[in-house]
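Before any comments, here is the structure.
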Number of protein chains: 2
Amino acid sequence: MSTIKAGEDKMSKKQLIMDSALDLFAKQGFEATSVQQITDYCGISKGAFYLSFKSKDELIIALIDHFMEAFISDIDYIVKTTNNEELLYSFYYTNLQSFHKHSDFGKIFIKEQTHSLNQDLLGRIRYYNALMDSTILLMVERLYGEEITHIKYDLMYCIKSFVTMYSELFLFNNVVSLDLDLDLLAHSLVEKTNLLAKHTSIPFLTKEIIQVVSQTTDDKVKREQLLELLEQNIKEMDEPIIKESLILLKQQLLNPNLSPAIVAGLLENIQKNPHCKWVSYLLRHYFQI
Amino acid sequence: MSTIKAGEDKMSKKQLIMDSALDLFAKQGFEATSVQQITDYCGISKGAFYLSFKSKDELIIALIDHFMEAFISDIDYIVKTTNNEELLYSFYYTNLQSFHKHSDFGKIFIKEQTHSLNQDLLGRIRYYNALMDSTILLMVERLYGEEITHIKYDLMYCIKSFVTMYSELFLFNNVVSLDLDLDLLAHSLVEKTNLLAKHTSIPFLTKEIIQVVSQTTDDKVKREQLLELLEQNIKEMDEPIIKESLILLKQQLLNPNLSPAIVAGLLENIQKNPHCKWVSYLLRHYFQI
DNA sequence: TATACTAATGACTAACCGGTCATTTGTCAA
DNA sequence: TTGACAAATGACCGGTTAGTCATTAGTATA
């Protein structure tokens with residue numbers, strides 16, 4: 001089957017380009033890295049690059065999507081499934097671990113956050129940030145309940161600050177040389193967060209301010225988009241159990257008749273597969289779980 | 001005096017360029033702004049630009065120096081002169097106020113922090129960051145004394161995080177539209193900081209990590225450089241009292257025979273003048289006050 | 001007015017950029 | 001071996017950049 005093989009080749013070439021670009025963007029920044037540099041780096045021609053990506057912008061958006069989808073669905077899954085005693089620690093540890101493991105991407109994401117001029121890309125970054133915000137907010141509400149309602153936005157922002165700033169610490173200063181103890185760091189951030197949650201009395205951030213910042217990109221996941229994504233995942237999936245789970249979830253989307261427990265179980269099944277994390281996250285949101 | 005007038009003209013032209021560049025860099029970023037754009041913006045020719053600055057890089061370094069010198073000497077003065085009850089509030093309020101007032105510069109500084117490739121510029125930014133770190137550390141030690149020694153680096157980093165993240169909030173999202181209450185924000189950050197200082201028990205940051213990060217740019221201010229800077233300030237100063245204070249301080253540098261109280265008073269005199277803040281800061285450090 | 005000198009100009013250079021496309025190379029089935 | 005088709009190439013295009021420099025404009029003195 002030449003078409004499939006061609007498809008595979010193209011896929012791996014796309015991956016090759018993305019890997020090289022990740023390296024170079026992290027070192028030099030997106031704008032400072034030329035397409036020529038990328039193609040030299042992975043030993044292909046400039047023309048070949050444009051067979052895989054329509055533009056340089058499409059490449060970085062693909063990178064952002066690739067990592068943020070995995071990142072956010074992981075964190076969201078943790079927030080929604082971990083018991084309260086371990087939740088905060090798991091949240092911090094996973095976050096720090098992700099940034100540490102994918103430090104090249106972390107550098108790119110943080111850099112483009114403040115620097116990018118590309119409106120498409122900026123919108124995408126804001127979108128993922130907003131998703132992360134709402135996940136953290138959900139966690140805060142679960143952890144501390146009603147009595148911290150008046151300071152929940154400040155708490156959310158402090159949590160975000162902690163993750164961002166301590167990540168920057170080891171992203172932009174090769175603290176990698178010192179072996180850093182992420183377990184200890186997570187514990188110390190848990191302590192700080194609990195302190196702030198229990199004793200803070202002066203709120204600053206209001207719903208209004210957060211709304212201005214988050215821009216409320218009202219993005220109800222459209223059923224059609226979800227179906228399309230499911231279809232694609234089904235096509236590319238080899239493992240039979242996960243494939244069947246995906247098919248059943250697709251049917252549930254078209255004609256809801258499965259019990260909540262079954263749907264939850266099917267989502268559990270697919271969550272484990274790296275290629276299904278994102279669709280799992282979107283389905284959780286669609287089914288309001 | 002044609003030479004002096006020429007000098008003045010050049011100065012004001014330099015200032016004109018810096019003002020225009022500040023605007024454009026904040027909006028578009030340093031690399032995305034061309035020299036042509038800057039010169040068009042302030043109605044001069046491209047050649048004229050290179051009469052004032054040797055390169056585009058020299059321009060942004062001049063901007064960073066200009067603002068960071070004022071910024072750091074202000075904060076350092078506050079930390080060294082304010083009584084403990086008001087200190088933390090003053091620190092936060094002044095910091096936030098500075099970022100708010102000079103939001104254009106704030107944007108540039110934060111952007112270049114993570115993005116810049118220019119090694120000179122990056123070194124300069126790290127240098128000012130290290131100065132700020134040591135000032136915050138001094139404040140922490142003054143405020144909370146010996147008993148927080150084990151967590152002082154974490155506390156310093158949290159304070160820095162608070163300032164940075166809450167400043168970014170109103171720098172990059174035009175929260176200016178909502179009238180933001182910096183007094184309230186400062187109070188809320190004071191509360192958070194005190195909470196962390198009094199109850200944190202798990203340290204993460206160690207002296208070693210901070211040293212790696214700060215790169216310990218061992219920058220004993222050289223007496224000759226200080227004399228040169230003093231000389232320059234004396235030449236440009238009009239106000240007689242400040243001018244005399246500068247002259248006396250210069251003599252003290254060459255031949256120390258004034259009492260500490262007199263030196264302190266002279267430093268008070270010059271601190272008030274915007275053009276002497278930096279030399280005042282450097283002298284305080286040189287005299288170990 | 002003539003002279004001398006500095007300030008200011010903008011056309012120009014050399015380099016680099018993202019993106020295109022006519023051409024070549026490689027790989028199949030017939 | 002041939003023919004057909006897709007994959008890959010890199011010279012090339014139009015555009016932008018930082019920085020230069022021969023030339024001109026402006027001004028103060030003699």
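Proteins get letters first, then strands, A, B, ... in listed order; numbering begins at 1 in each.
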B:Leu59 atom CG is separated from D:dG19 atom C1', nearest whole Å, by 14 Å
Of the candidates C:dA7, D:dT9, C:dG18, the side chain of A:Lys46 sits closest to C:dG18
Exactly one of B:Tyr41, B:Phe30, B:Phe67 clears ring pair (Phe, Tyr, Trp, His ring centres under 6.0 Å) with B:Phe25, and that residue is B:Phe30
Here the distance between atom P of C:dG19 and atom CD1 of A:Ile17, to the nearest Å, is 13 Å
In short, B:Gly29 meets B:Lys111 closest at the heavy-atom pair N-NZ, 4.0 Å
B:Gln37 atom CD is separated from D:dA18 atom C1', nearest whole Å, by 13 Å
query = With a distance cut-off below 6.0 Å to the six-membered ring centre and an angular limit of 45° from the axis, does B:Lys14 pair with B:Phe53 as a cation-pi contact?
reply = yes
From OH of A:Tyr50 across to C1' of D:dA11 the rounded distance in Å is 15 Å
Contact class for B:Lys56 vs. all strands (heavy atom < 4.0 Å): base, sugar-phosphate, or nothing? sugar-phosphate
To the nearest angstrom, the CG-P distance between A:Leu51 and C:dG18 comes to 17 Å
Taking any heavy-atom pair under 4.0 Å as a contact, classify B:Thr39: base, sugar-phosphate, or nothing. nothing
Practice task
Would you please confirm or rule out a distance under 4.0 Å between OP1 or OP2 of C:dC17 and any side-chain N or O of A:Ser34?
Solution key: yes
Against the side chain of B:Ala48, the closest entry in D:dA8, C:dT9, C:dG19 is C:dT9
When A:Phe99, A:Tyr77, A:Phe105 are each screened for ring pair (Phe, Tyr, Trp, His ring centres under 6.0 Å) with A:Phe71, the one that passes is A:Phe99
Whole-Å distance, B:Glu31 CD to C:dC17 C1', equals 13 Å
Among D:dA18, C:dA8, C:dG19, the one nearest any side-chain atom of A:Ser55 is C:dG19
Here the gap from B:Arg124 atom CZ to B:Asn129 atom CG, rounded to the nearest 0.5 Å, amounts to 13.5 Å
Atom CZ of A:Phe30 and atom C1' of C:dG18 are separated, to the nearest Å, by 10 Å
Taken to the nearest whole Å, CG/B:Asn118 to C1'/D:dA18 is 14 Å
